[in-house]
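Nothing fancy with the numbering, it's 1 onward along the sequence. Heavy atoms only: backbone and side chains are in, while hydrogens, waters and symmetry mates are out.
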Amino acid sequence: MTEKNESVFDQEANEDVTDNEQNTSSVNTDETTDASQDNLQEDDSQETTEDVDPKDEEIQQLKQDVQENEEKYLRLYAEFENYKRRIQKENQTMKAYKAQDVLNDILPTIDNIERALQIEGENEQFQSLKKGVEMIHESLINALKENGLELIETEGHQFDPNVHQAVVQDDNPDFESGEITQELQKGYKLKERVLRPSMVKVNQ
């Protein structure tokens with residue numbers, strides 16, 4: 001009976017040893033697998049690093065530089081175009097109003113000629129002289145008109161503070177309220193720019 005029990009105990013002990021060996025073998029196998037995977041990952045990382053070609057990096061950098069330079073060029077080109085348009089506009093304005101200073105200097109002379117034409121005389125010599133002054137006045141006005149001089153309209157028109165200067169208020173039933181009844185001094189424009197506003201009498 002005792003021998004049988006010992007035999008059973010020996011068998012169970014052998015089974016326990018076998019199980020332990022299997023467990024140990026399994027653990028060793030898992031560790032070996034993990035180590036192999038780590039080695040593979042390291043190898044992949046090294047291969048990836050080694051696969052990056054310096055020439056590719058240089059090409060990418062050159063492409064980036066080209067793109068940045070192109071953007072700078074486009075900005076400079078747009079600024080230059082804006083500058084060119086501004087200069088052209090300024091030149092056109094200067095050309096259109098280049099006669100402004102000369103016209104401003106001539107306006108008092110025109111006023112004096114027109115005052116002289118208002119003088120009346122009877123003798124033939126005076127009439128001949130007046131006729132000559134009228135011809136000079138007409139020739140001068142035509143030359144100035146060719147250079148952009150325009151007479152501001154007054155009598156019978158509504159008062160416009162942009163081109164008229166009211167110096168006297170009138171009470172004339174033949175005119176509407178705010179209408180100009182008399183021109184006291186002629187006004188002139190150079191194209192759309194007022195050289196001198198007309199001095200007028202305005203109906204209340």
Side-chain angles (χ1 to χ4, degrees), residues 65-204:
D65 293 342
V66 169
Q67 184 176 0
E68 291 177 356
N69 290 332
E70 184 177 2
E71 291 176 355
K72 290 179 181 179
Y73 166 77
L74 291 175
R75 284 196 297 269
L76 288 173
Y77 181 78
E79 291 177 0
F80 174 74
E81 287 296 316
N82 291 335
Y83 170 78
K84 186 168 67 173
R85 283 193 293 268
R86 185 171 65 253
I87 293 299
Q88 288 176 349
K89 185 176 181 180
E90 290 176 357
N91 289 337
Q92 290 174 356
T93 301
M94 290 178 61
K95 184 177 181 180
Y97 297 101
K98 66 180 180 180
Q100 179 174 348
D101 293 338
V102 175
L103 293 176
N104 282 326
D105 292 338
I106 292 177
L107 292 182
T109 302
I110 296 175
D111 294 337
N112 291 331
I113 293 175
E114 291 176 346
R115 291 190 189 98
L117 292 175
Q118 293 175 357
I119 299 174
E120 297 294 338
E122 296 296 335
N123 61 62
E124 184 177 347
Q125 185 178 3
F126 178 83
Q127 292 296 327
S128 178
L129 179 61
K130 185 176 182 179
K131 182 66 175 178
V133 174
E134 287 177 347
M135 293 175 63
I136 293 172
H137 176 262
E138 182 179 0
S139 177
L140 177 61
I141 293 296
N142 288 335
L144 295 177
K145 284 181 178 179
E146 290 179 358
N147 284 274
L149 185 69
E150 298 179 17
L151 181 65
I152 297 175
E153 297 180 345
T154 54
E155 292 186 16
H157 292 79
Q158 283 291 319
F159 174 76
D160 182 356
N162 295 315
V163 295
H164 302 137
Q165 181 181 356
V167 293
V168 179
Q169 191 174 44
D170 200 0
D171 185 9
N172 192 328
D174 296 332
F175 293 86
E176 297 179 358
S177 176
E179 195 172 354
I180 297 172
T181 61
Q182 184 179 356
E183 181 181 67
L184 304 178
Q185 185 184 52
K186 290 182 178 180
Y188 297 93
K189 294 192 303 181
L190 176 58
K191 300 185 185 299
E192 298 301 322
R193 184 176 296 179
V194 176
L195 297 177
R196 186 179 72 185
S198 300
M199 297 177 64
V200 296
K201 183 186 293 187
V202 183
N203 203 36
Q204 63 181 4

Please check if the number of heavy atoms outside Gln67 that lie under 6.0 Å from its CD is greater than 12.
no
Could you check whether any side-chain N or O of His157 sits under 3.5 Å from a backbone N or O of Glu155, counting only pairs where one atom can act as donor and the other as acceptor?
yes
Exercise: identify the closest heavy-atom pair between Ile152 and Val194
CD1-CG1, 4.4 Å
d(Asp160 CG, Glu153 CD) to nearest 0.5 Å is 11.5 Å
Taking atom NE2 of His164 and atom CD of Gln158, what is their separation to the nearest 0.5 Å?
10.0 Å
pair Asn112-Arg115: side-chain heavy atoms closer than 4.5 Å
yes
Looking only at atom types and distance, does a side-chain atom of Gln127 sit under 3.5 Å from a main-chain N or O of Gly121, one as donor and one as acceptor?
yes
Under 3.5 Å, is there a donor-acceptor pair between the Asn203 and Glu179 side chains?
no
With Asn82, which of Glu79, Arg85, Arg86 fulfils side-chain hydrogen bond (donor to acceptor under 3.5 Å, both in side chains)?
Arg85
For Gly187 and Ser198, the nearest pair of non-hydrogen atoms, with its separation, is N-OG, 3.0 Å
Taking the side chain as every heavy atom from C-beta outward, state whether Ile110 and Leu144 have any atom pair closer than 4.5 Å.
yes
Measure the shortest side-chain to side-chain distance between Glu122 and Phe126 over non-hydrogen atoms and say whether it is less than 4.5 angstrom.
no
Distance (rounded to the nearest 0.5 Å) between Leu195 CG and Leu149 CG
6.5 Å
Closest non-hydrogen contact found for Val202 with Thr181 is N-OG1, 4.4 Å
Taking all non-hydrogen atoms of both residues into account, name the closest pair between Leu184 and Val168 and its distance.
CD1-CG2, 4.1 Å
Looking at Glu124, I want to see if its CD is surrounded by more than 12 non-hydrogen atoms of other residues, nucleotides or ligands under 6.0 Å.
no
How close do Gln165 and Pro197 get, heavy atom to heavy atom, and via which atoms?
OE1-CG, 4.1 Å
Over 12 non-hydrogen atoms of neighbours within 6.0 angstrom of CD in Glu71:
yes
Under a 4.5 Å cut-off applied to non-hydrogen side-chain atoms, are Arg196 and Leu107 in contact?
yes
Is Lys84 close to Gln88 at the side-chain level, that is, under 4.5 Å between some pair of heavy atoms?
yes
Can you establish whether the number of heavy atoms outside Gln204 located under 6.0 Å from its atom CD is more than 12?
yes
Interatomic distance, OG1@Thr109 vs NE2@His137, rounded to 0.5 Å, equals 11.0 Å
Gap between atom CG of Leu76 and atom CD of Glu81 - 0.5 Å precision:
12.0 Å
How long is the gap from CD on Gln100 to CG on Asp105, to the nearest 0.5 Å?
10.5 Å
What are the two closest non-hydrogen atoms of Glu114 and Lys186, and how far apart are they?
OE2-NZ, 3.2 Å
What do you reckon, is CD of Glu68 surrounded by more than 12 foreign heavy atoms closer than 6.0 Å?
yes
